[in-house]
Amino acid sequence: MRIIITGTGGRLGAAVARHLRDRHRVIAWDRKALDLRSPEQIADHFGGLEFDAVIHCAALTGVDYCEQHREEAHAVNTAAPAQIARLCHARGAKLIHVSTDYVYDGRASGLRKEADACAPLGVYAQTKHAAELAVLATDPTFLVARASWIFGPDRAGFVDAIIQRAQKDPDCGAIADKWSTPSYSLDQAAFLEALVLNPGACGVVNLCNAGSCSWMEYGQAGLDLAHAAGVPLKCRVLTPQKCADMLGFLIGRPVHTAMDTTRLADLAGRDIRPWQEALADYIGTYYGRR
């Protein structure tokens with residue numbers, strides 16, 4: 001299968017490209033290779049290739065950056081995916097567009113299902129939700145995959161930052177009143193291959209590991225696993241913090257966005273392992289070597 005992958009400089013895109021390249025003909029573009037702010041460059045890149053599917057991982061993900069750069073956020077997160085959807089539809093190619101858990105309203109506790117209400121807060125979430133609507137309006141056989149709290153070996157994320165801080169500072173904290181689902185990029189890459197090969201995979205699917213936790217629970221699990229792997233830590237127990245105390249945030253974050261994985265398991269044809277097991281795999285593999 002000939003598959004274009006965008007955003008290969010990020011955690012998810014890099015993992016997807018690496019996972020697929022041994023079994024498929026992969027074209028991998030990072031932000032240097034494809035400027036999503038340029039409709040002309042998008043048309044030129046896609047117009048000169050034969051392809052069967054696109055996995056569009058690229059996005060402008062900085063929540064506060066998007067708030068301060070609205071036009072750029074719209075160009076990258078909404079206009080570019082809409083254009084790619086039109087190009088895929090014209091070619092008869094499949095599109096998987098990677099979105100975010102931030103599109104959910106986040107008001108109620110529990111696991112979000114794909115049909116739950118969307119009420120995106122701020123420019124980042126609004127532009128991502130607008131892209132979802134544009135992609136599926138272009139072709140209802142396309143797939144929108146909502147990802148959350150991605151961790152993996154290709155680029156440092158939240159749990160890596162917590163471990164790095166804990167190696168230097170005896171007093172570290174993390175937010176305890178916001179919940180979602182950590183997602184291992186290597187697991188997501190395998191899911192995405194299964195989804196791109198499934199002709200019935202369309203609409204919206206939650207793309208994450210199973211379960212839920214707060215940022216603090218996630219960070220604490222990372223510290224416990226790092227300690228078990230022999231990483232020297234000055235901080236062993238995180239201090240709980242509140243979202244309201246994060247004065248540097250320009251826009252509020254949705255509180256409850258942990259996602260249900262029932263549909264993902266059905267479409268991918270496999271069980272979804274809990275985030276704790278995936279995180280243990282990651283820490284044991286990539287920190288245990290140090």
Run the side-chain contact (heavy atoms from CB on, under 4.5 Å) check on L20 and M1 step by step: do they pass? CA-CA 10 Å; L20 295 181; M1 197 172 191; over 6 Å; no

Would you call K32 and D30 a salt bridge, using N to O less than 4.0 angstrom? no

Between D101 and S148, does a side chain to side chain donor-acceptor pair (under 3.5 Å) hold up when you go through it step by step? CA-CA 6 Å; D101 62 320; S148 60; 4.7 Å; no

Any salt bridge between D171 and K234, counting N to O under 4.0 Å? no

Could you give the side-chain donor-acceptor pairs of residues 78-87 under 3.5 Å, partners two or more places apart or in another chain?
{"from": "T78", "atom 1": "OG1", "to": "T127", "atom 2": "O", "distance (Å)": "2.7"}
{"from": "Q83", "atom 1": "NE2", "to": "P39", "atom 2": "O", "distance (Å)": "2.9"}

From Y184, Y287, W275, residue fulfilling ring pair (Phe, Tyr, Trp, His ring centres under 6.0 Å) relative to F151: Y184

Check R273 with D187, please: is the shortest side-chain N to carboxylate O separation under 4.0 Å? yes

Using ring pair (Phe, Tyr, Trp, His ring centres under 6.0 Å) as the criterion, point out the one residue from Y102, W179, W215 that pairs with W149. W215

Between I55 and L195, does the side-chain contact (heavy atoms from CB on, under 4.5 Å) criterion hold? Intermediate values first, please. CA-CA 10 Å; I55 301 177; L195 293 170; over 6 Å; no

How far does OG of S183 sit from CG of L207, to the nearest 0.5 angstrom? 6.5 Å

What orientation do H97 and H56 show, parallel under 30°, tilted 30 to 60°, or perpendicular over 60°? parallel

side-chain contact (heavy atoms from CB on, under 4.5 Å) evaluation trace for E67 with Y124: CA-CA 7 Å; E67 205 65 25; Y124 166 67; over 6 Å; no

Applying side-chain contact (heavy atoms from CB on, under 4.5 Å), run through V54 and K94 and close with a yes or a no. CA-CA 6 Å; V54 174; K94 182 165 186 171; over 6 Å; no

So CG of D64 and NE2 of H69: to nearest 0.5 Å the spacing works out to 11.5 Å

Quick one: are V16 and H19 in side-chain contact, heavy atoms under 4.5 Å? no

Atom pair CD (Q126) and SG (C118), whose distance is rounded to the nearest 0.5 Å: 12.0 Å

Evaluate the criterion side chain to side chain donor-acceptor pair (under 3.5 Å) for residue pair S180 and T257; output intermediate values, then yes/no. CA-CA 5 Å; S180 192; T257 60; 3.2 Å; yes

From L143 CG over to C202 SG, what is the distance, rounded to the nearest 0.5 angstrom? 7.5 Å

Does the pair D169/R165 count as a salt bridge with the N-to-O cut at 4.0 Å? no

Quick check for you: to the nearest 0.5 Å, what is the distance between D116 atom CG and L111 atom CG? 9.5 Å

Describe, in one word, how the ring planes of Y286 and Y282 are oriented to each other, choosing from parallel (under 30°), tilted (30 to 60°) and perpendicular (over 60°). tilted

D160 bridged to R155 by N-O distance under 4.0 Å: no

Regarding R146 and E114, does a basic nitrogen lie under 4.0 Å from an acidic carboxylate oxygen? no

Run the salt bridge (charged side-chain N to carboxylate O under 4.0 Å, His left out) test against D52 and tell me which residues pass, sequence neighbours left out. R2

